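Just so it is clear, the model here is predicted, and its values are computed rather than measured. Numbering starts at 1 and runs along the sequence shown.
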Amino acid sequence: MAASSVVCRLRFGGFGGLDRFCFGLETQTLGRFTSTTSAIKAQTENKTAKAAKESKTFQAIQEERREQAERSVLISCPSKINEKKFLDYLSKHGTINKHFFYNSYGAYAVVEFSSRESIASLKESTNIPAVEHEAAVPFKSRLLSLKWPGSQSSNHPMPKFKVQSPPSINEISQLLSEKDSIDEQLQCLTEALELTEENVSLRFLVCSLLRDIAGAYFPECIIRPFGSTVNSFGKLGCDVDMILDLDGIYATSQKKGSGLSLEYQVKRGASERAVTQSILSVIGKCVDQFGPGCVGVQNILQARCPLVRFAHQPSGFQCDLTANNRVAMKSSELLFLYGQLDPRARHLVFSVRCWARAHSITSSIPGAWITNFSLTVMVVFFLQQRNPPILPTLDRLKELAGPSDKCVIEGNDCTIVSDLSKITLQQNTDTLEKLLQEFFEFYGNFPFNKASVNIRKGKEQTKPETTALYIQNPFETTLNISKNVNATQLERFVALCRESAWLLQQKEILNQSSDSPWGFAALLLPSVTSGAGVKSRRKRKLEPASSRIKNLLDSLKIKGGETVAKKGSANSSR
């Protein structure tokens, strides 16, 4: 609808000088990300901010980011904006802490002020736009549009636009082939795919903007991101999963005392699910009718977990909003904790998920595919199985928890330790190359027909039901998070694990002397699984795995030989 694209506009007044700022990065990273390689170099230099955050609890980090988002605005800008004049104009309303520019259906700036009073001052000077032939919905959000009077000079420096999308498989393959070891390849892959500081900040800001809409009905509510945005395993371009948190309202209403008391009069629903559906239905309609930049709103209220799905065009994010899904938030905290305990966990997860997506084991479309969450849990389980274990079991994290960590949600014990300093890890020095090889061997020979994956116990358990793949939900222990996976998809996963494990043992794959992809990059080549898809099975007989591997190795030998020949010819000509 027309109203969804209308945003409030800022008008320029006087100008002055103001230093440049950038969101959470050191000085070395302020150069423009002109390529994926330079983006990776910039991320590797951002160590100080990460080290500071590692000393904080998961809850403390989320609250800090949420508070920063509430002091921030999102502004649509001309592509050739004069950054100095722009910041000078905004600084009239208060001190600017940080800012960055990015592209999504146009140029945008995220600006964080030092106080909320600055936001109020800025909104007071912002106008509702005049819309020809239509009527504007007068909702004053923190999504603004900059109106620059007159033409702009092109003599001023261009702002630095931050990368918000992941590199392609071809770009990844090129980057990895330049590394000197498989360990370096997997570390490089993580740095290329992981969420940047700016991207996470933008995600929290989108949640905060949506909270401004929901707050019209529930002033004390909070909209929190969960899943990939906060669990440390998020990839650039992943969706934003959100929770409409109403628990704080219920908690503050349970005050008991002697004598007289008052209660709010409220509507009553047939069940908690019915109330959730009703609330999300209303919020979804408000987002559709009044939320600037929110398009394609769908109310999916009959799902096991009712949700509102929409696209937020100014950020480029696909968003899913649920309500009171506290177990999902606890699962995010659990994965965050595992990711902080040992960096190899994150490197292995990013690598396995990249490998899985390259071969269509996972998909962005709902279906019988293995999900990223399932793969992440499978990696955690594998690391618990090492000798000595690299990651502790969920039961061990529960044992280390203090009284303040106690958490029971809908009868499910979700207690885990929040203080990382209480966790003592055993000394395991396995390289990433060895762990990758053994991951493929582990699941290439795992007894899926009778055993389940259980990170609470850290050992195989008998499957309680006859599904192809059974991965126990870490907290809702009666649920299988991989129930959607069918036998065909599991067979493809196992076959690919076996092929990849075998390939990593071949000297041709480990040969860095040719221009061909090597090491982990070679595992991303489509020829590894040529003909392994379901559709090709219907069309023709599946080529034996040994033949497919032989063809791949032959192609690598040929390319390698061609490279040597070219080099020899070049040397002789000199």
Side-chain angles (χ1 to χ4, degrees), residues 49-66 190 194-195 197 200 203-204 224-235 238 241 243 325-353 371-386 388-409 412-428 435 453-459 471-477 481:
K50 288 185 178 181
K53 282 185 172 56
E54 286 174 359
S55 62
K56 300 177 182 178
T57 65
F58 176 79
Q59 291 86 352
I61 293 173
Q62 307 318 306
E63 286 306 308
E64 179 181 326
R65 290 193 181 278
R66 189 172 68 85
T190 302
E194 66 183 351
L195 298 181
E197 185 77 10
V200 174
R203 290 164 180 268
F204 272 82
R224 305 181 188 275
F226 72 98
S228 297
T229 296
V230 298
N231 65 18
S232 79
F233 295 102
K235 168 190 167 184
C238 66
D241 296 316
I243 295 174
N325 193 358
R326 293 174 58 207
V327 174
M329 180 59 77
K330 206 65 183 177
S331 296
S332 301
E333 181 181 355
L334 174 65
L335 293 186
F336 171 83
L337 188 149
Y338 279 131
Q340 298 301 302
L341 287 177
D342 193 304
R344 290 174 294 180
R346 295 186 69 241
H347 295 317
L348 197 58
V349 166
F350 275 96
S351 302
V352 169
R353 284 170 31 167
T371 65
N372 280 329
F373 181 52
S374 293
L375 280 177
T376 303
V377 174
M378 292 173 80
V379 171
V380 170
F381 181 71
F382 163 74
L383 294 177
Q384 292 173 339
Q385 295 278 305
R386 298 305 86 211
I390 294 176
L391 294 178
T393 66
L394 180 50
D395 277 348
R396 178 57 180 161
L397 298 180
K398 177 184 174 181
E399 292 172 2
L400 295 172
S404 61
D405 296 322
K406 182 69 176 178
C407 179
V408 178
I409 303 173
N412 300 297
D413 192 344
C414 302
T415 302
I416 55 173
V417 63
S418 59
D419 185 356
L420 295 179
S421 64
K422 292 183 178 180
I423 304 172
T424 302
L425 300 178
Q426 299 187 48
Q427 295 300 313
N428 182 305
L435 292 175
V453 173
N454 185 331
I455 65 170
R456 180 170 284 278
K457 302 296 182 184
K459 58 184 179 182
I471 303 175
Q472 185 189 67
N473 187 304
F475 295 118
E476 297 177 287
T477 55
I481 65 173

Closer than 3.5 angstrom, by distance alone: can the side chain of [X] be matched with the main-chain N or O of [Y] as a donor-acceptor pair?
| X | Y | result |
| --- | --- | --- |
| N428 | P388 | yes |
| Q385 | G458 | yes |
| R456 | D395 | no |
| R353 | F233 | yes |

Please evaluate residues C238 and R203 with respect to the criterion side-chain contact (heavy atoms from CB on, under 4.5 Å), reporting the C-alpha separation (whole Å), side-chain torsions for both, the decisive distance (0.1 Å), and the verdict. CA-CA 11 Å; C238 66; R203 290 164 180 268; 3.4 Å; yes
Nearest 0.5 Å please: distance from the [atom1] atom of [X] over to the [atom2] atom of [Y].
| X | Y | atom1 | atom2 | value |
| --- | --- | --- | --- | --- |
| L394 | Q472 | CG | CD | 9.0 Å |
| L337 | S332 | CG | OG | 12.5 Å |
| C414 | N412 | SG | CG | 5.5 Å |
| L383 | L391 | CG | CG | 5.0 Å |
| L348 | F382 | CG | CZ | 6.5 Å |

Over all heavy atoms of both residues, which pair between [X] and [Y] is shortest? Give the atoms and the distance, please.
| X | Y | answer |
| --- | --- | --- |
| R65 | F204 | CD-CE1, 3.5 Å |
| Y338 | Q384 | OH-NE2, 3.3 Å |
| S418 | T57 | O-CG2, 3.9 Å |
| L425 | I390 | CD2-O, 3.9 Å |
| D405 | V417 | OD2-CA, 3.7 Å |
| A345 | V379 | O-CG1, 4.4 Å |

When R346 is tested against each of L341, T376, T190, L335 for side-chain contact (heavy atoms from CB on, under 4.5 Å), which residue passes? T190
Among V380, V377, N231, I455, side-chain contact (heavy atoms from CB on, under 4.5 Å) partner for L334: I455
Counting only heavy atoms not in K457, do more than 12 sit closer than 6.0 Å to its NZ atom? no
Going by side chain to side chain donor-acceptor pair (under 3.5 Å), name the residues that satisfy it together with E333, two or more places apart in sequence or in a different chain. Q59, K330
Just to verify, what does F475 make a ring-ring contact (aromatic ring centres under 6.0 Å, His included) with, not counting sequence neighbours? none
Report the C-alpha separation of D241 and T229 in whole Å, then their side-chain angles, then the decisive distance to 0.1 Å, and conclude whether the side-chain contact (heavy atoms from CB on, under 4.5 Å) test is met. CA-CA 8 Å; D241 296 316; T229 296; over 6 Å; no
Would you call [X] and [Y] a side-chain contact if the rule is heavy atoms closer than 4.5 Å?
| X | Y | answer |
| --- | --- | --- |
| R224 | Q62 | no |
| L435 | R386 | yes |
| F381 | I471 | no |
| S228 | N372 | no |
| S331 | E476 | no |

Does a donor on one side chain and an acceptor on the other come within less than 3.5 Å for T415 and D413? yes
